[in-house]
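Single-structure report; data block below.
Quick note: numbers below take in every heavy atom, side chains included, and nothing from hydrogens, waters or symmetry partners. Everything numeric here is computed off the predicted structure, so don't read it as measured data.
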Amino acid sequence: MSELSTSCSHCSLTPQRLDLLVPRGWESDSEAEPESETCTYAPPHDIMEAFLVDVESEKPAPPPRFAPPMSDNEVQQVKKAAVPKTTQRDTSWCINLWKEWRDDRNSRSEEQIPSDICVLSPHVLQRWLSRFVLEVRKKGGTEYHPDTLYHIVCGIMRFLRQNGKPEVDFLKEEAYADFRSTLDAEMKRLKRAGVGSHKRQAEPLTQEEEELLWEKRILGDHSPQALLNSVFFFNGVCFALRSGDEHRRLRFKECQIQVVEKPGERAYLLYTEDSSKNNQGGLKGRKLKTKEVVHHENTATPSRCPVRLFRLYNSLCPKDRPENAFYLQPLKKPKQDCWFATKPLGHNPLDNMVKEMCKAAGITGYKTNHSLRATTATRLFQAGVDEQLIMERTGRWSLDGVRSYKRTSQEQRQALSDIVNLSIPQPKKQKVTVMSPHTELATCSQSTQQMGIAPAQISLQSCSNITFNITYSSV
């Protein structure tokens with residue numbers, strides 16, 4: 001068979017492939033049939049089938065549909081990874097505290113506590129738990145805050161649930177009723193003794209303190225560190241993010257924060273939460289509403305506009321930035337088009353962002369990353385915003401939860417003191433005369449009624465088509 005210059009028009013085989021199909025010793029009859037570029041050879045079925053199998057074997061195999069088989073240890077690792085790291089550390093601290101108390105007590109008493117808490121029956125466990133809450137102390141020998149004591153008990157209960165006792169409940173089961181009585185009595189005793197009377201909370205930033213951050217150039221766009229501070233600050237305030245964890249979960253790829261621009265409207269940032277303390281997904285989070293926050297650009301003060309600073313930050317990050325991180329380390333020697341390194345900001349610097357900013361500006365008080373979230377809720381409360389809107393902005397799903405962020409300002413506390421001290425004149429009562437020619441439509445029984453009420457607080461029901469002549473005079 002003569003060598004073909006092109007592929008076969010019937011079977012789309014190249015000359016090299018056609019050579020494989022031709023049996024050895026076969027030659028075409030050049031006298032009987034002129035040479036043609038069209039293949040007329042029909043190979044036997046078994047040869048053709050083997051050839052097609054060979055061709056198919058050269059194609060890349062499709063990726064497997066299912067994941068590789070997992071071991072029991074890998075399954076446990078998946079379940080462990082679903083628990084927040086802060087919760088894991090907290091559980092470890094609580095159970096280690098129990099172990100330290102157990103070892104210390106065993107060394108000083110003939111009555112020994114078993115080493116494995118998971119094998120104790122409810123009757124035995126509640127006996128030792130009662131002694132634990134009465135005897136446990138800090139390293140310096142001082143007593144724990146009542147809420148901390150309750151927190152430790154919950155941590156031990158959580159450890160038991162994660163280690164073969166998912167049904168245990170110190171706070172509801174009848175088998176632990178005696179222990180609950182002991183815990184309740186001890187918490188009341190500590191409260192009466194004044195232990196931990198002051199609950200430390202992150203303080204919100206006042207308007208004057210934020211202004212000081214701008215004046216001291218802690219916030220701004222003049223340097224990589226100032227720009228990083230500004231983006232962190234606005235992410236915390238605009239979207240009411242919690243401390244370091246929610247900031248650490250922000251990422252560049254499929255970022256939770258997007259710039260949205262529509263013709264004829266102000267541009268805005270759209271934050272879509274994927275996971276948080278109140279909504280971690282899973283079975284319990286199926287019906288929870290995903291938190292979405294819209295924050296529009298600041299057209300009154302463009303230099304302090306969150307939308308502009310967000311765009312600027314992204315434009316000055318390296319093109320090969322990591323996809324699973326949002327905050328990057330600022331460069332000490334920035335370039336014109338790149339101010340940040342490819343390395344993510346570390347955990348400790350991220351956890352202390354607000355603390356370091358306030359320290360540099362000389363702002364005192366207990367200021368943490370959580371202060372940004374408290375600032376959002378406090379400003380909205382003081383502006384008289386409806387609590388439902390505050391719940392949507394903060395991602396809280398109960399009124400009690402969102403009210404826990406409500407902080408009174410120094411001015412409000414001073415005003416209350418002045419009222420009690422009679423330092424300011426009290427508003428006089430006003431005599432309001434309401435006259436209506438259509439008395440049959442009014443709820444009041446007479447056409448003229450005198451009411452001692454505060455100014456502009458008139459409330460009438462079931463009235464229509466009435467003209468009021470209202471006059472004010474001092475009593």
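Between V260 and L269, every side-chain heavy-atom pair lies at or beyond the 4.5 Å cut-off. Residues I257 and L270 form no side-chain contact, since every pair of their non-hydrogen atoms from C-beta on lies 4.5 Å or further apart. Side chains of T299 and R266 form a contact here, defined as non-hydrogen atoms less than 4.5 Å apart. Side-chain contact check for K355 versus I363: every heavy-atom pair is 4.5 Å or farther apart. Within the 4.5 Å cutoff, no side-chain heavy atoms of N369 are placed close to those of N352. When side chains are defined from C-beta on, T342 does not count as touching Q329, because their heavy atoms never get closer than 4.5 Å. Side chains of W128 and W98 form a contact here, defined as non-hydrogen atoms less than 4.5 Å apart. Put simply, the side chain of Y176 does not reach to within 4.5 Å of the side chain of D169, judged on heavy atoms.
Side chain of R308 to main chain of P302: a donor-acceptor pair is present (N/O by atom type, distance under 3.5 Å, no hydrogens or angles). Using a distance-only test at 3.5 Å, with no hydrogens or angles considered, no donor-acceptor pair links the side chain of D90 to the main chain of T86. The main-chain N or O of S115 is found under 3.5 Å from a side-chain atom of R102 such that the two form a donor-acceptor pair. Remark: the backbone N or O of C305 is not paired with any side-chain donor or acceptor of E297 at under 3.5 angstrom. Between the side chain of T148 and the backbone N or O of Y144 there is no donor-acceptor pair closer than 3.5 Å. At distances below 3.5 Å, not a single donor-acceptor pair connects side-chain atoms of S371 with backbone N or O atoms of P204. With hydrogens and angles ignored, the 3.5 Å screen pairs a side-chain donor or acceptor of S230 with a backbone N or O of A226. Judged by distance alone, with hydrogens and angles left aside, the side-chain atoms of E143 form no donor-acceptor pair with the main-chain N or O of V195 at under 3.5 Å. No side-chain donor-acceptor contact under 3.5 Å links S109 to the backbone of N106. The closest donor-acceptor contact from the side chain of E74 to the backbone of S71 lies under 3.5 Å.
In terms of heavy-atom proximity, V259 sits nearest to V307 at CG1-CG1, 4.1 Å. Between S107 and D104, the shortest heavy-atom contact is OG-O, 2.6 Å. Nearest heavy-atom pair, I218 versus M357, reported as atom, atom and distance to 0.1 Å: CG2-CG, 3.7 Å. Looking at every heavy atom in both residues, C238 comes nearest to V293 through O-CG1, 3.6 Å. In terms of heavy atoms, P224 sits closest to L331 at CG-O, 3.9 Å. Summarising the geometry of T91 relative to G155, their closest heavy-atom pair is CG2-O, 3.8 Å, with the distance given to 0.1 Å.
For R180 and E173, the salt-bridge test fails: no basic side-chain N is under 4.0 Å from an acidic carboxylate O. Ion pairing between a basic and an acidic side chain is recognised when a charged N comes within 4.0 Å of a carboxylate O; R137 and E100 show no such pairing. Salt bridge status for D184 with K188: present, with a side-chain N to carboxylate O gap under 4.0 Å. Residues E111 and R131 are not paired through a salt bridge, judged by the lack of any N-O separation under 4.0 Å between the basic side chain and the carboxylate. Ion pairing between a basic and an acidic side chain is recognised when a charged N comes within 4.0 Å of a carboxylate O; R105 and E135 show such pairing.
In E174, the CD atom is not crowded: 12 or fewer heavy atoms of neighbouring residues, nucleotides or ligands sit closer than 6.0 Å. More than 12 heavy atoms of other shown residues, nucleotides or ligands fall within 6.0 angstrom of atom NZ in K165. Crowding of Q207 atom CD: a count of heavy atoms from other residues, nucleotides or ligands under 6.0 Å not exceeding 12. Within a 6.0 Å radius of CG in D116, more than 12 heavy atoms belonging to other residues, nucleotides or ligands are found. Remark: Y268 OH is packed, more than 12 non-hydrogen atoms of other residues, nucleotides or ligands lying under 6.0 Å away.
Atom NE2 of H145 sits about 6.0 Å away from atom NZ of K191, to the nearest 0.5 Å. If you take CG on D178 and NE2 on H123, they are separated by 9.0 Å, rounding to the nearest 0.5 Å. To the nearest 0.5 Å, atom CD of residue E292 and atom CZ of residue R393 are 12.5 Å apart. How far CE of M391 is from CG of L380: 13.5 Å, rounded to the nearest 0.5 Å. Distance check: C94 SG to R158 CZ gives 6.0 Å after rounding to the nearest 0.5 Å. The NE2 atom of H222 sits 12.0 Å away from atom OG of S303, with the distance rounded to the nearest 0.5 Å.
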Steps toward side-chain hydrogen bond (donor to acceptor under 3.5 Å, both in side chains) verdict (R249, N324): CA-CA 8 Å; R249 278 196 288 266; N324 60 345; over 6 Å; no
Pair F170-I156, side-chain contact (heavy atoms from CB on, under 4.5 Å): steps then yes or no: CA-CA 10 Å; F170 300 154; I156 295 174; 4.3 Å; yes
From CA spacing to verdict: side-chain contact (heavy atoms from CB on, under 4.5 Å), F239, H295: CA-CA 8 Å; F239 310 123; H295 194 88; 4.2 Å; yes
side-chain contact (heavy atoms from CB on, under 4.5 Å) assessment of E209 paired with K367: CA-CA 11 Å; E209 289 172 337; K367 301 295 194 296; 3.4 Å; yes
Worked check of side-chain contact (heavy atoms from CB on, under 4.5 Å) between C118 and L160: CA-CA 6 Å; C118 296; L160 292 173; 4.0 Å; yes
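Ring-centre distance between F252 and F326: not below the 6.0 Å cut-off. When ring centroids are compared, F232 and Y327 come within the 6.0 Å threshold.
Checking N229 against R217 by side-chain atom types alone, no donor-acceptor pair falls below 3.5 Å. No side-chain N or O of H247 forms a donor-acceptor pair with one of D351 less than 3.5 Å apart.
When each of F234, F233, F340 is paired with Y313, the ring pair (Phe, Tyr, Trp, His ring centres under 6.0 Å) condition holds for F340 and for no other.
Below 30°, between 30° and 60°, or above 60°: for H151 and W93 the angle between ring planes is between 30° and 60°, a tilted geometry.
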